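Take a look at the structure below.
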Amino acid sequence: RTLPIKEPVEQVRPPLVWLVGAHGGAGVTFLTHSLAFAGDCKEMWPDVAEQDISPCAVVVARESTSGLDAAEQALRQWHTDPELENINLIGLVLVAEASGKKRARELSAWSESVAALAPSTFRVAWIPEWTHMRTNELPAWWPGDAVPEKKKKYESDVPATVAELGEHLMTAALAALTEQEEEQ
């Protein structure tokens with residue numbers, strides 16, 4: 001299965017990084033609400049042909065068998081589809097499927113194999129509070145916000161795993177855009 005290209009839509013704020021869901025339930029909607037600079041592409045690639053549309057994107061998938069299947073397909077599509085040559089893929093975001101620190105050995109090896117198809121890989125740990133929260137209840141992380149301590153109980157702060165992802169994505173996107181400007 002290949003992901004279609006998303007038609008541009010009017011946005012209140014143009015996103016710096018597009019979150020591309022490799023499959024439904026990957027966590028794109030929750031991550032978009034929690035990362036103030038990110039845009040939700042659903043299960044589509046952004047149409048970066050439009051001026052003022054950021055070319056930076058990440059593929060988001062659950063770290064499960066079906067999630068890794070979908071991520072692998074999306075990453076292979078990015079590598080081979082000439083329509084996607086203007087998309088600056090920052091990497092792959094793997095969202096934990098469940099709580100627990102250990103992944104099955106087979107899943108771990110496969111995860112690393114799929115991650116090798118992306119320029120970089122970011123992991124978001126399991127966030128139990130997200131299982132009973134609505135997206136409009138999620139706090140947003142903004143560039144410059146502090147990263148909460150990992151041991152701190154999640155209340156009104158963005159979880160540390162999401163804030164760390166935000167910092168990584170901001171840094172990578174700004175570096176990619178700076179490099180792109182220098183090449184022009």
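Numbering of residues begins at 1 and proceeds along the displayed sequence. Quantities reported herein were computed from a predicted structural model and do not represent experimental measurements.
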| task | Kindly write out the residues that satisfy side chain to side chain donor-acceptor pair (under 3.5 Å) with Glu97, not counting sequence neighbours, or none if the list is empty. | result | none
| said: As a quick check of understanding, evaluate side-chain contact (heavy atoms from CB on, under 4.5 Å) for Val93 and Leu19, giving each step before the final call. | reply: CA-CA 9 Å; Val93 175; Leu19 304 183; 5.6 Å; no
| remark: When every non-hydrogen atom of Pro139 is compared with those of Val158, the smallest separation belongs to O-CG2, 3.3 Å
| Gap separating the CD1 atom of Ile127 from the OG atom of Ser34, nearest 0.5 angstrom | 7.0 Å
| Hey, are Gln77 and Trp45 close enough side-chain-wise for a donor-acceptor pair under 3.5 Å? | yes
| If only atom types and distance count, is the side chain of His23 paired as donor or acceptor with the main-chain N or O of Leu68 below 3.5 Å? | no
| Phe30 vs Thr135 side-chain heavy atoms within contact, under 4.5 Å | yes
| note | Contacts of Gln73 meeting side chain to side chain donor-acceptor pair (under 3.5 Å) (sequence neighbours excluded), chain-then-number -> none
| Atom pair NE2 (His168) and CE (Met170), whose distance is rounded to the nearest 0.5 Å | 13.5 Å
| request: Step by step, work out the side-chain contact (heavy atoms from CB on, under 4.5 Å) result for Phe122 and Val95. | output: CA-CA 9 Å; Phe122 312 96; Val95 179; over 6 Å; no
| task | List for me each residue that meets side-chain contact (heavy atoms from CB on, under 4.5 Å) alongside Asn86, sequence neighbours excluded, and say none if there are none. | result | Val48
| note | Heavy atoms of Ala26 and Val60 approach each other most closely as CB-O, 3.4 Å
| query | Is a donor on one side and an acceptor on the other found under 3.5 Å between the side chain of Trp78 and the backbone of Ile87? | reply | yes
| Which pair of heavy atoms, one from Trp141 and one from Gly166, lies closest together, and at what distance? | CZ3-C, 3.6 Å
| request: Search all heavy atoms of Leu107 against all heavy atoms of Glu63 and return the closest pair with its distance. | output: CD2-O, 3.6 Å
| message | Can you tell whether the side chains of Glu112 and Arg123 come within less than 4.0 Å, N to carboxylate O? | response | yes
| side-chain contact (heavy atoms from CB on, under 4.5 Å) against Ala172, all qualifying residues, sequence neighbours excluded | Ile90
| Contact list for residues 70-94, test salt bridge (Lys or Arg N to Asp or Glu O under 4.0 Å), sequence neighbours left out | Glu72-Arg76
| task | Could you check Val58 against Leu169 for side-chain contact (heavy atoms from CB on, under 4.5 Å), going step by step and ending with a plain yes or no? | result | CA-CA 9 Å; Val58 293; Leu169 294 182; 3.6 Å; yes
| query | Under 4.5 Å between any side-chain heavy atoms of Phe37 and Leu35, yes or no? | reply | yes
| query | Within a strict 4.5 Å, meaning less than it, do heavy atoms of the Trp130 and Leu31 side chains meet? | reply | yes
| field | Non-hydrogen side-chain atoms of Thr121 and Val114 separated by less than 4.5 Å | value | no
| remark: Tightest non-hydrogen contact, residues Glu43 and Leu3, listed as O-CD2, 3.4 Å
| task | Begin from the C-alpha positions of Asp47 and Ile53 and carry the test side-chain contact (heavy atoms from CB on, under 4.5 Å) through to its verdict. | result | CA-CA 8 Å; Asp47 182 359; Ile53 298 290; over 6 Å; no
| task | Mind listing the closest non-hydrogen atom pair of Thr32 and Ala38 along with its distance? | result | CG2-O, 3.5 Å
| message | Going by the rule side-chain contact (heavy atoms from CB on, under 4.5 Å), which residues pair with Ala125 if we only count those two or more places apart in sequence or in a different chain? | response | Thr161
| remark: By side-chain contact (heavy atoms from CB on, under 4.5 Å), Ala176 pairs with (sequence neighbours left out) Cys56, Asn88
| Val20 vs Met44 side-chain heavy atoms within contact, under 4.5 Å | no
| Main-chain N/O of Ala109 paired with Ser113 side-chain donor or acceptor, under 3.5 Å | no
| field | Beyond-backbone contact of Trp110 with Thr65, side-chain heavy atoms, under 4.5 angstrom | value | yes
